[in-house]
Structures are given as C-alpha cells and as structure tokens.
Amino acid sequence: MQTIIETVQPYVSTIATAILGVLTAIVIAGLNTIKVKANTWIDARTTESQRVLLHKLAEEGFSLAKTAYKEADGPKKLQEALSYVTGQLEQKGITLTPVEVQAAIEKAYLDYKAKQKSITPQTSIVTVEPKISLEEASQAAAKEAVSGLAAKLNDFLAQATAEVSPVAKVQPEPETIVPVQTPETTE
C-alpha cells in the first residue's frame, strides 16, 4: 500500500500544481478583463484636463458673444457661444453633451457677473437665464465623483495586474518509512 502512495504522490502533486496554475490564470484574466472595461469606461468620460479646457473655451465663447453680438438678445448670444465652444471642442476631438457645454458657459457668465458686481455697480450686459436644472447639475457632479473613483480603481487594478511573480514549485520532503514490528506469536 505504501508503494502505491509513493508512486501516485508525484502525479497528485503535478495535478494539484496544474489546477492551481489554471485557477491563477483565470483570476488574472478576470482582472485584466475588468481593467480593460474600466479603462474603456474611463476613456468615455471626460478627463480633468478636458474639463479645464471646456471652462476656458466657455469663457472665450462668452467673451465672443458679449463683444461681437452686442445688439443681440441673451438667447442669441448664448447660441453663438454654444456654437463657438462646440466647434472648438470638436476640433480637439472632445464630445460633450449640449447641457455640459451650456453649463460651462452659464458658469462663465455667472463668474463674469460676480466680478462685475465687486468692481462696479450692477450693469446688465447679457441676460441669459440658466437652463440647467438642479438634477442635471447633480448628475454632472456625480459624473466627476465617479470619474475620480474610476481613476483610483484603475490604479488599483494596474497595481494588481502589473506583474505576478512565478511561484516556485515546492517538492514535498520524502517520508521516511519506519518498519513496524509485530510481536511474535508462538503457536
């Protein structure tokens, strides 16, 4: 019986090692799949540098509408600012929803208005009523928060799947067989 166990033991060790290797490969493949999906999702969202660019373009669009279309009413100026910003973003290869672009222009307008109040008495140059709801603003804030969380998740997955060091095979120590003495019986 002992010789059968000694004969089978290397095969059992090899099978166990192979099963462990297959399970490790499945786990790593799963992590890589999650990483690819997370990267795709993150790339679909705007980055921080794109947000900065959007706000700069929104300020430019607002300034253009304010100076170039002095005789136009508020909605016409907003439309011109929207078309300017959208055109500039398309040239950069950035696609945003009209609501996001409008929100950035509205922010530029409110910032301008706040600066004017602190410098001079209130003078109304452009009257554009915000057309963004509280729900849309909440969604935009949630997108920013999720984008930051996704970036942290991406870093974590990059660290987890960066490089896995191979596991050295450990050979079990051979067992020493001690003969069992049976008492002699006299018949």
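Just so it is clear, the values below take in all heavy atoms, side chains as well, and ignore hydrogens, waters and symmetry mates.
Side-chain heavy atoms closer than 4.5 Å link hydrophobic residues (I, L, V, M, F, W, Y) into clusters, and following such links, possibly through other members, connects Leu23 to Ile15. Cluster annotation: Val85 and Tyr69 are assigned to distinct hydrophobic clusters (Ile/Leu/Val/Met/Phe/Trp/Tyr, side-chain heavy-atom contacts under 4.5 Å, transitive). A chain of hydrophobic side-chain contacts below 4.5 Å, direct or via other Ile, Leu, Val, Met, Phe, Trp or Tyr residues, connects Leu96 to Tyr84.
The shortest heavy-atom contact between Lys70 and Lys77 is O-NZ, 3.8 Å. The two residues Ala65 and Ala81 make their nearest non-hydrogen contact at CB-CB, 4.2 Å.
In this structure, Ile105 CD1 and Leu78 CG are separated by 6.0 Å, a value rounded to the nearest 0.5 Å. Atom NZ in Lys35 sits 15.5 Å away from atom NZ in Lys37 (nearest 0.5 Å).
With sequence neighbours excluded, the residues satisfying side-chain contact (heavy atoms from CB on, under 4.5 Å) with Leu53 are Leu57, Lys92, Ile94. Residues satisfying the salt bridge (charged side-chain N to carboxylate O under 4.0 Å, His left out) criterion with Glu80, sequence neighbours excluded, are Lys76. In this structure Thr97 satisfies the side-chain contact (heavy atoms from CB on, under 4.5 Å) test together with Val99, Glu100, sequence neighbours excluded. For Thr33, there are no side chain to side chain donor-acceptor pair (under 3.5 Å) partners at least two apart in sequence or on another chain. By the side chain to side chain donor-acceptor pair (under 3.5 Å) test, Gln79 is found to be paired with no residue, residues two or more places apart in sequence or in another chain being considered.
At a threshold of 4.0 Å, the pair Asp111-Lys107 counts as salt-bridged, since one of the basic side-chain nitrogens sits closer than that to a carboxylate oxygen.
Listed by first and then second residue, the salt bridge (charged side-chain N to carboxylate O under 4.0 Å, His left out) pairs that reach into residues 56-65 come to none, sequence neighbours excluded.
Grouping Ile, Leu, Val, Met, Phe, Trp and Tyr residues whose side-chain heavy atoms lie under 4.5 Å apart, directly or via other members, places Val22 in a hydrophobic cluster with Ile26.
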